[in-house]
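Report on one structure; see the data block that follows.
In what follows, every heavy atom counts, from backbone to side chain, and hydrogens, waters and symmetry copies are set aside. Chain letters run A, B, ... following the sequence lines, proteins first, then strands; residues in each count from 1.
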Protein chains: 2
Amino acid sequence: MTTSLRSNPTDLPPLPSACLPRPLDAVAAIRDVANDRFSMRSAVSIRRYEPRQMIFEQSQPCRHIFEIIEGTVKLTIALPDGRRQILAVLGPGDLLGLPLVQQHNTSAIAISDVRVKQIARSVFDASLLLQRRAAAQLQKQFLKMQDMIVSLGRRNATERIASYILETAKSGNHDDATPNQPPWSFTLALSQTDLADHLGLTLETVSRELTKLKNHKIIRMCGRNHLEVLDPSRLSEFADNVSYPQAAVNCEAPEPVSARRRGRAAR
Amino acid sequence: MTTSLRSNPTDLPPLPSACLPRPLDAVAAIRDVANDRFSMRSAVSIRRYEPRQMIFEQSQPCRHIFEIIEGTVKLTIALPDGRRQILAVLGPGDLLGLPLVQQHNTSAIAISDVRVKQIARSVFDASLLLQRRAAAQLQKQFLKMQDMIVSLGRRNATERIASYILETAKSGNHDDATPNQPPWSFTLALSQTDLADHLGLTLETVSRELTKLKNHKIIRMCGRNHLEVLDPSRLSEFADNVSYPQAAVNCEAPEPVSARRRGRAAR
DNA sequence: CGCGATTTTGACGGTCCTCAACTTTTGTGG
DNA sequence: CCACAAAAGTTGAGGACCGTCAAAATCGCG
């Protein structure tokens, strides 16, 4: 069960060295390993990954920066006992291995077929242009992560699912040609299992919530990961779950503790 | 449904080019200063705040950057219905209003007596030194936020409390002069209410978890917010899955889905 | 001391996790 | 192309964790 290269999703290569980006050919592999620091030709190169392949791994030394050219990549952290959290889902133009630390603190795993530009740290450190892009990316990520923290800390399962779908639908690439008309149609990057690991839920809960939305005729799913938003406005009601019809612009002075909502749930 | 005025956490403003460091623009600088009700002298100025005072507020335009000189500040986001999440607790040396966006997406509130250096955006944008510090700060924050996401998504109440105390004890300023001997002694910056808003729990749960640790003789509390860690090693058992920095050993291949822990709880 | 804010404690219930069995989809080989 | 197996998703029953509500206790401050 631990043999094949790409069969099992959770079945990753046994040795750390094997987890390094798979080179395009054996010669390149040898060269990379031998001359990592010196070989100019490996300073910038294109690499390909298949779904489920690891681009880099948590706690590996961080020798390269990657720019996604094509495809989708998930950034994950695993706790010692196997629980996982997907921190971000990145696409073309995004940079990987951004936090300029010595060791990767996340693993990057290809979701679809992926092409990345691999850039040696030395090149990155010398390029102001790249660093500027990295800063911009960092900030974009930063805002997303803040939102994620609020979701995980203060939203219930329904709200998390609904707002994830809304977010993806709004920002995402629609499959059809009429992205403004309500039946928004798009492809989910994540499986339900991954969605659970992204939203801090279990796969069963994700499944049940999606079923609920389907029964309400708010979404429709064709095939494994194709989703249509039939009723965006009702979906956003599920997403922000405001109890009293928000009259005021209530981002002002916080209400007294006794009056405001606490905790997570609300229905 | 969703009013345009309310700042919606799932609806972040795009990142315009203005987010990138902007060359010093004399006209812009003069305009900024003119618009500032505190006149010329406020391009860089020292300000003081008392506990609970707001330094800036969610959805306000972001005209200044603040550097904390003294005291502690919490960064919070409020949902429309009043639920809150404390995103970070910052101290001397830290910068506020970092994400260089047009509008603050968080509120900054003084916890203790606070002194900050208020720096006009124009000054900030012209200072490479400041920008460099901002980038460093951003990265530090980034890693903390990643850890926070894992905590909120995948840890139960006990683990969150325990690892918060551990983290604070390790990084924090100890009150006593022997920071290496087990009875670690320090002051909690957050009230239990705020702790709840930071860890995605309710204040009752926080109280119960702290009581549990007290009964186990793992911590001791003298006064409102003074805490002593009596038994760090048992505390870290409660925190259990400590995050990436150490524990480099067990970051190898994840176990198969059927075997690994799912969801949040574990006891 | 007296008052308000904060914390503690208890009882109860809901959300979501756990376990388990089943169904559907996907992928592979004969 | 179908059979088969593995992966992914669905559904149900039950219970744990933690949120909710309520009231009492404690702390801190004038």
Side-chain angles (χ1 to χ4, degrees), chain A residues 1-11 50-52 81-83 111 152-161 188 190-197 199-215 221-227 238 241 243 254 256-267, chain B residues 50-52 81-84 111 152-161 188 190-197 199-215 221-227 256-267:
Chain A
M1 115 180 187
T2 45
T3 48
S4 87
L5 265 179
R6 45 167 306 201
S7 63
N8 192 330
T10 58
D11 185 15
E50 296 169 12
R52 298 161 197 291
D81 65 355
R83 283 177 284 177
I111 292 180
L152 295 176
R154 288 304 183 211
R155 289 181 153 130
N156 63 27
T158 309
E159 294 170 314
R160 293 186 211 180
I161 294 279
L188 280 176
L190 298 178
S191 68
Q192 291 190 24
T193 303
D194 278 352
L195 207 47
D197 280 342
L199 302 179
L201 303 168
T202 59
L203 49 102
E204 293 93 334
T205 300
V206 169
S207 175
R208 274 186 261 262
E209 292 295 332
L210 288 177
T211 302
K212 196 166 75 183
L213 290 177
K214 278 186 274 188
N215 291 341
M221 296 189 65
C222 336
R224 211 54 153 187
N225 47 11
H226 189 86
L227 197 142
F238 277 83
N241 191 10
S243 33
V257 170
S258 53
R260 70 185 177 92
R261 270 226 81 74
R262 309 169 308 147
R264 185 176 308 134
R267 272 290 57 185
Chain B
E50 296 168 12
R52 299 164 192 289
D81 65 355
R83 284 176 285 177
R84 278 190 226 168
I111 293 179
L152 294 176
R154 288 304 182 211
R155 288 179 158 135
N156 63 26
T158 308
E159 293 170 318
R160 292 185 211 180
I161 294 279
L188 280 177
L190 298 178
S191 69
Q192 291 189 26
T193 303
D194 279 352
L195 206 46
D197 280 343
L199 301 179
L201 302 169
T202 58
L203 48 104
E204 293 94 334
T205 300
V206 170
S207 174
R208 274 186 261 262
E209 291 297 331
L210 287 177
T211 301
K212 196 167 76 182
L213 290 177
K214 277 186 275 188
N215 291 341
M221 296 189 66
C222 335
R224 213 55 157 186
N225 48 12
H226 189 87
L227 198 142
V257 170
S258 52
R260 71 184 177 95
R261 272 226 78 74
R262 308 170 307 148
R264 185 176 306 134
R267 268 296 61 173

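Not a single donor-acceptor contact under 3.5 angstrom links the side-chain atoms of A:Arg208 to the base of D:dG9. The base of D:dC17 is not paired with the side chain of B:Glu209 by any donor and acceptor separated by under 3.5 Å. Between the side chain of A:Arg160 and the base of C:dT15, no donor-acceptor pair of N or O atoms lies under 3.5 Å. With hydrogens and angles ignored, a donor-acceptor pair closer than 3.5 Å exists between the side chain of B:Glu204 and the base of D:dC21.
For B:Ser207, no side-chain nitrogen or oxygen approaches OP1 or OP2 of C:dT7 to under 4.0 Å. The side chain of B:Gln192 places no N or O atom within less than 4.0 Å of a non-bridging phosphate oxygen (OP1 or OP2) of C:dA5. Between D:dT11 and A:Thr211, a contact under 4.0 Å exists linking OP1 or OP2 to a side-chain N or O. Between B:Thr205 and D:dC17 there is no side-chain polar atom (N or O) within less than 4.0 angstrom of OP1 or OP2.
For the atom pair B:Ser207 OG and B:Leu201 CG, the distance stands at 12.0 Å (nearest 0.5 Å). To the nearest 0.5 Å, atom CD of residue A:Gln192 and atom CG of residue A:Leu199 are 11.0 Å apart. Separation of atoms CG (B:Leu190) and CD1 (B:Ile111) is listed at 5.0 Å; rounding is to 0.5 Å.
Considering only heavy atoms from C-beta on, B:Arg208 stays 4.5 Å or farther from B:Lys212 through its side chain. Within the 4.5 Å cutoff, the side chain of A:Asp197 has heavy atoms near those of the B:Arg154 side chain. Taking the side chain as every heavy atom from C-beta outward, B:Arg224 and B:Leu188 never approach each other to under 4.5 Å.
Per the geometry, CG belonging to B:Asn215 stands 15 Å off C1' belonging to C:dT7, to the nearest Å. Across the protein-nucleic acid pair, A:Asp197 atom CG and C:dC17 atom C1' stand 14 Å apart, rounded to whole Å. As a whole-Å value, the separation of B:Leu199 CG from D:dC18 P is 12 Å. Taking atom NZ of A:Lys212 as the reference point, atom P of C:dC16 lies 8 Å away to the nearest angstrom. Atom P of nucleotide C:dT6 and atom CD1 of B:Ile111 are separated by 13 Å, given to the nearest angstrom. For the pair A:Arg155 CZ and C:dC16 C1', the computed distance is 18 Å after rounding to whole Å. One can place CD1 of A:Ile161 at 14 Å from C1' of C:dT15, the figure rounded to the nearest angstrom. The nearest whole Å value for the distance from the CG atom in B:Asp81 to the P atom in D:dT20 is 11 Å.
The side-chain hydrogen bond (donor to acceptor under 3.5 Å, both in side chains) check on A:Thr205 picks up A:Thr202, with sequence neighbours excluded.
The main-chain N or O of A:Val206 is never found under 3.5 Å from a side-chain atom of A:Glu209 such that the two would form a donor-acceptor pair.
For B:Ala157, the listed nucleotide lying nearest its side chain is D:dC18; candidates were C:dC16, D:dT20, D:dC18.
Axis angle across the helix from C:dC1-D:dG30 to C:dG30-D:dC1, with five pairs used at each end and values rounded to 10°: 50°.
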Original post:
Which parts of nucleotides 23-30 of chain D does protein reach within less than 4.0 Å, heavy atoms only, written one letter per nucleotide 5' to 3' as B for base, S for sugar-phosphate only and - for none?
Top reply: ---BSS--
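Taking all atoms of both residues into account, the shortest heavy-atom contact from B:Arg83 to B:Asp81 is NE-OD2, 3.0 Å.
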